[in-house]
*Asks:* 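Here you go, one structure.
Letters go in sequence order (proteins before strands), and every chain restarts at 1. The figures that follow rest on heavy atoms only: side chains count, while hydrogens, waters and symmetry mates do not. Bear in mind that the values here come from a model prediction, so they are computed numbers and not experimental data.
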Amino acid sequence: MYRYLERRLVEHLRAFLRRTYNLDIANIVVEQPPKIAFGEYALPLAFELAKKLRQAPRKIAEEVVAGVGAIPGFEKLEVAGAGYINVRVNRAELARALAADLPQDDHSRQDQPAAVDVPAGKVLVEHSSINPNKAAHIGHLRNAILGDTFVRLLRFAGREVDVQNYIDNTGVQVADVVVGFLHIEQKSRAQIEALAAGTRFDYLCWDLYARVSQWYDEHKSNREARSAVLRSIEEGNNEVAAVAELISLAVLKRHLETMDRLDIEYDFLPRESEILHLHFWESAFAKLKDAGVLIYETEGKNSGCWVMRRAGTSSANTPALEGVEITAEKITEEDQKVIVRSNGTVGYVGKDIAYHMWKFGLLGRDFGYRKFFRYPNTHDCWISTVEGEKDHPHFGDVAEVYNVIDARQSEAQNTVIDALRGLGHGEAADRYTHFSYEMVALTPRCAAELGYELSEDDKARSWIEVSGRKGFGVKADDLLDALIASAGREVDGRHPELSATERGRIATQIAVGALRYFMLKYTKPSVIAFDFKEALSFEGDTGPYAQYAVVRASNIFRKGGLDADAFGEDAGNKLSAEDFSRFLDGESGNDIWELWLAAAKTSYVVGQCIATTEPAYLAKHAFQLAQLFNTFYHRYPILSEADEGRKKFLLTTAAVVRRELIRILRTMGIGVPSVM
RNA sequence: GGGCCCGUAGCUCAAGCGGAUAGAGCAUCGGAUUUCUAAUCCGAGGGUUGCAGGUUCGAUUCCUGCCGGGCCUACCA
């Protein structure tokens, strides 16, 4: 609602500037005033115009205020300070629309249906992409939670989204665990199969993987086992490849179970083995050669390889003059990225280029599909195969791509984008977003708790990187278990009257809320220094704080003998515009209005999150709304309110905030317990 | 060497394309009428936004140079 009012305001201003000053300002900046008493929007417009019009900002502001005329939904514009234009909306009108929960555009934009705002075409979000050779850890949790929340944000905005989780089942990481089972543990395929059927097979692989790394270090010759295993996996149709397949599928299944605990689901799991066996690369390779994106190097250390210019490097040595043959451009050795090795095999980036051509429907080949995993809610997750089932959903061929991959891979990601552009698919390259974020590390204290020996240098660091290879890190399931246990102790103490099952359910919801919120509250470029104390906190800027605000709202209705959901549904009919004016207008209405205004901003915030690929704004929004509600809750006792009209208004306020908060939390993948 | 990111309160982090008095949480200290349960609320202290310049009516934000830290820079994935 809030965002449509903003847009309408900008349109009126733009029209005014055009007809009055003959100026076309492409981007009219709209801000939010520092205090609610100043209004709902603030425009620094006059400062910008001062130079162009050669007039004092204050004078321009006065002209704008006087000349722009009435705008539907707005109360008035006024000049403040040196030339700010503060804008006041019609509080009663906005509140009534929010209470009625009108579909966003019905109220604000009757001339344009909501569908106009939703861009055409499907969106593909790739996230998680965990190597299927060991248990998922906290770093993977950040990825999956960011990715899943972004999916929810897109769906909130009306987009159709496919969720993919890319599985590298043919690389060294899987090979190393295969080496561990076959060479160190000396297990047979049947024995491994039995282990894989046990509980938390991924934990077993976690430890084994760390031991394999040690084993390699013991004798250089031990590494030969890895090469042999890798070769067998790539060739396929042999015992080693079968072992690798069974391990990677078993670990993958564990990952899906772990993520399902957090309400994270996938639609499709494309695997590297199919990219190889279905010859995706051959198709891509031919096109890349034709387009001159790949260059065959004949000298230097990369002699015999097909190379590409590394993303971010410029051809400073060979000035890009017009008419210069670009395809014959010489790339200095250090700016070369090897795509095809001299032995003819393709590296990771090459496979990724092929995969992304497939994503955009530019490859001319498709995967085979079979059902792999059915979630408890009966949603099916599909996996790639060479020969698949006849009937399957259509994946790929999308309009936009978001890849949730950590910042360390930005160069590789940009190289893929460059390749698409080099192939002449500039429009695809423009709609390819590397959703980049920083890693999760551990505080030195946390590392010490896990038994890691700290050097003096380590102790001075603000954080220490986890290492799967060393088996050093916090496993996702362990963290979740710890959170559930901790939340469970609180619930048991507070609600002994509930059944153990019910208490467990609540503890799980709180744990998931705490974990998801924790991973979302930091902005993406910030390294998270993980600490159990912080992650296990349920107070202050946390998920449980926001959940608790909803529970409190629910309690009001329960104690009052009312149904909160039902009350919220027709809340718009309970009060007249005059009622809203009475309680929201003027100085006295400011603090409750602030709560209403915050509740009205959800779709605006969702839009910001998508535009900036930053889910942290949603966490901030949830916290702010919960905080305002708690203040309101404390300041205005509702059930004991004597004035019936006022009581109805306060109840409506609680119902609307509760409804919006539930919506926000759902978009973050966080449910709300019945009691806390 | 080159590329990318970061540096804000004791700690962990915010600050929408440059805007009004740089905000939260934690920690510390002091409070909250026996209320819709305190996983809550109110208050206090705590800042030369790494340093130095520049652009601007206005800079935490943009530019340049330093200082400090991280990541990437494999014929690994």
Side-chain angles (χ1 to χ4, degrees), chain A residues 27 29-35 38 42 44 47-48 50-51 56-57 80-84 86 131 168 170-174 230 272 301-307 310-314 334-335 337-343 345 347-349 351-352 406-412 414 436 438-439 441 443 461-463 465 487 490-491 494 510 521-523 525-529 531 533-534 537-542 544-545 547-549 551-560 604-605 608 611-612 614 616-617 620 623-624 627 630-631 633-641 650 654 675-676:
Chain A
N27 200 10
V29 177
V30 181
E31 289 164 8
Q32 297 174 23
K35 274 187 222 155
F38 293 172
F47 298 112
E48 198 186 328
K51 212 185 304 174
Y84 271 95
N86 288 337
N131 276 306
D168 174 16
T170 62
V172 287
Q173 296 223 22
V174 168
L230 264 175
E272 186 155 294
K301 75 179 173 97
N302 294 334
S303 177
C305 298
W306 287 87
V307 302
R310 188 183 297 288
T313 63
S314 63
E334 60 177 14
D335 288 350
K337 174 73 196 167
V338 172
I339 304 298
V340 180
R341 305 178 191 110
S342 56
N343 67 5
T345 58
Y348 159 73
V349 175
K351 286 176 237 177
D352 220 23
D406 77 61
R408 287 174 288 201
Q409 298 208 43
S410 67
E411 189 183 283
N414 288 331
S436 169
E438 268 295 348
M439 62 179 160
T443 60
R461 290 174 196 274
S462 53
W463 45 266
E465 197 171 349
E490 292 289 329
V491 177
R494 288 159 202 251
I510 292 170
K521 72 192 246 188
Y522 302 93
T523 54
S526 166
V527 174
I528 295 180
D531 194 299
K533 186 169 161 288
E534 292 260 342
S537 166
F538 299 147
E539 288 168 17
D541 187 10
T542 66
Y545 177 94
Q547 290 173 315
Y548 186 60
V551 169
R552 286 181 126 181
S554 303
N555 286 346
I556 298 170
F557 290 92
R558 197 177 44 232
K559 278 278 164 83
Y604 170 83
V605 173
Q608 294 286 321
T612 57
E614 183 52 90
Y617 298 141
K620 192 106 209 147
F623 180 62
Q624 281 171 351
Q627 214 172 22
N630 275 330
T631 307
Y633 177 92
H634 185 258
R635 197 174 296 172
Y636 302 96
I638 297 177
L639 295 178
S640 58
E641 173 60 51
L650 294 175
V675 297
M676 276 179 81

*Asks:* Could you check whether the side chain of Q32(A) and the base of rG16(B) have a donor-acceptor pair of N or O atoms closer than 3.5 Å, going by distance alone?
*Replies:*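 Answer yes: a donor N or O sits under 3.5 Å from an acceptor.
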*Asks:* Can you give me the closest heavy-atom contact between W463(A) and A529(A), atom names plus distance?
*Replies:*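 That would be CB-CB, 3.9 Å.
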*Asks:* Please state whether the phosphate of rC75(B), meaning OP1 or OP2, lies under 4.0 angstrom from any side-chain nitrogen or oxygen of N343(A).
*Replies:*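 For rC75(B), neither OP1 nor OP2 has a side-chain N or O of N343(A) closer than 4.0 Å.
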*Asks:* Hey, is the main chain of Q627(A) close enough, under 3.5 Å, to the side chain of T631(A) for a donor-acceptor pair?
*Replies:*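 Such a contact is found between T631(A) side chain and Q627(A) backbone.
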*Asks:* Please determine if a side-chain N or O atom of R494(A) lies less than 4.0 Å away from the OP1 or OP2 oxygen of rA39(B).
*Replies:*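 Yes, because at least one side-chain N or O of R494(A) sits under 4.0 Å from OP1 or OP2 of rA39(B).
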*Asks:* Please check: side-chain N/O of N414(A) versus main-chain N/O of S410(A), any donor-acceptor pairing under 3.5 Å?
*Replies:*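 Yes; at least one donor-acceptor contact below 3.5 Å.
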*Asks:* Is there any protein nitrogen or oxygen under 3.5 Å from a nitrogen or oxygen in nucleotides 57-62 of chain B, and what are the pairs?
*Replies:*
none

*Asks:* When you measure from the side chain of K521(A) to the backbone of D541(A), do you find a donor-acceptor pair of N or O atoms at a distance under 3.5 Å?
*Replies:*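 Yes; at least one donor-acceptor contact below 3.5 Å.
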*Asks:* For the pair T345(A) (side chain) and R341(A) (backbone), establish whether a donor and an acceptor sit closer than 3.5 Å, ignoring hydrogens and angles.
*Replies:*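 No; zero donor-acceptor contacts below 3.5 Å.
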*Asks:* Are N555(A) and R558(A) linked by a side-chain donor-acceptor pair shorter than 3.5 Å?
*Replies:*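 On atom types as modelled, these side chains qualify, holding a pair under 3.5 Å.
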*Asks:* Which heavy atom in E411(A) sits nearest to a heavy atom in A311(A), and how many Å separate them?
*Replies:*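 Shortest heavy-atom separation between E411(A) and A311(A) comes out as O-CB, 3.7 Å.
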*Asks:* Are OP1 or OP2 of rA15(B) and a side-chain N or O of Y617(A) less than 4.0 angstrom apart?
*Replies:*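 Y617(A) to rA15(B) OP1/OP2: side-chain N or O found under 4.0 Å.
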*Asks:* Dump the pairs, protein N or O against N or O of nucleotides 2-9 of chain B, anything under 3.5 Å, distances to one decimal.
*Replies:*
none

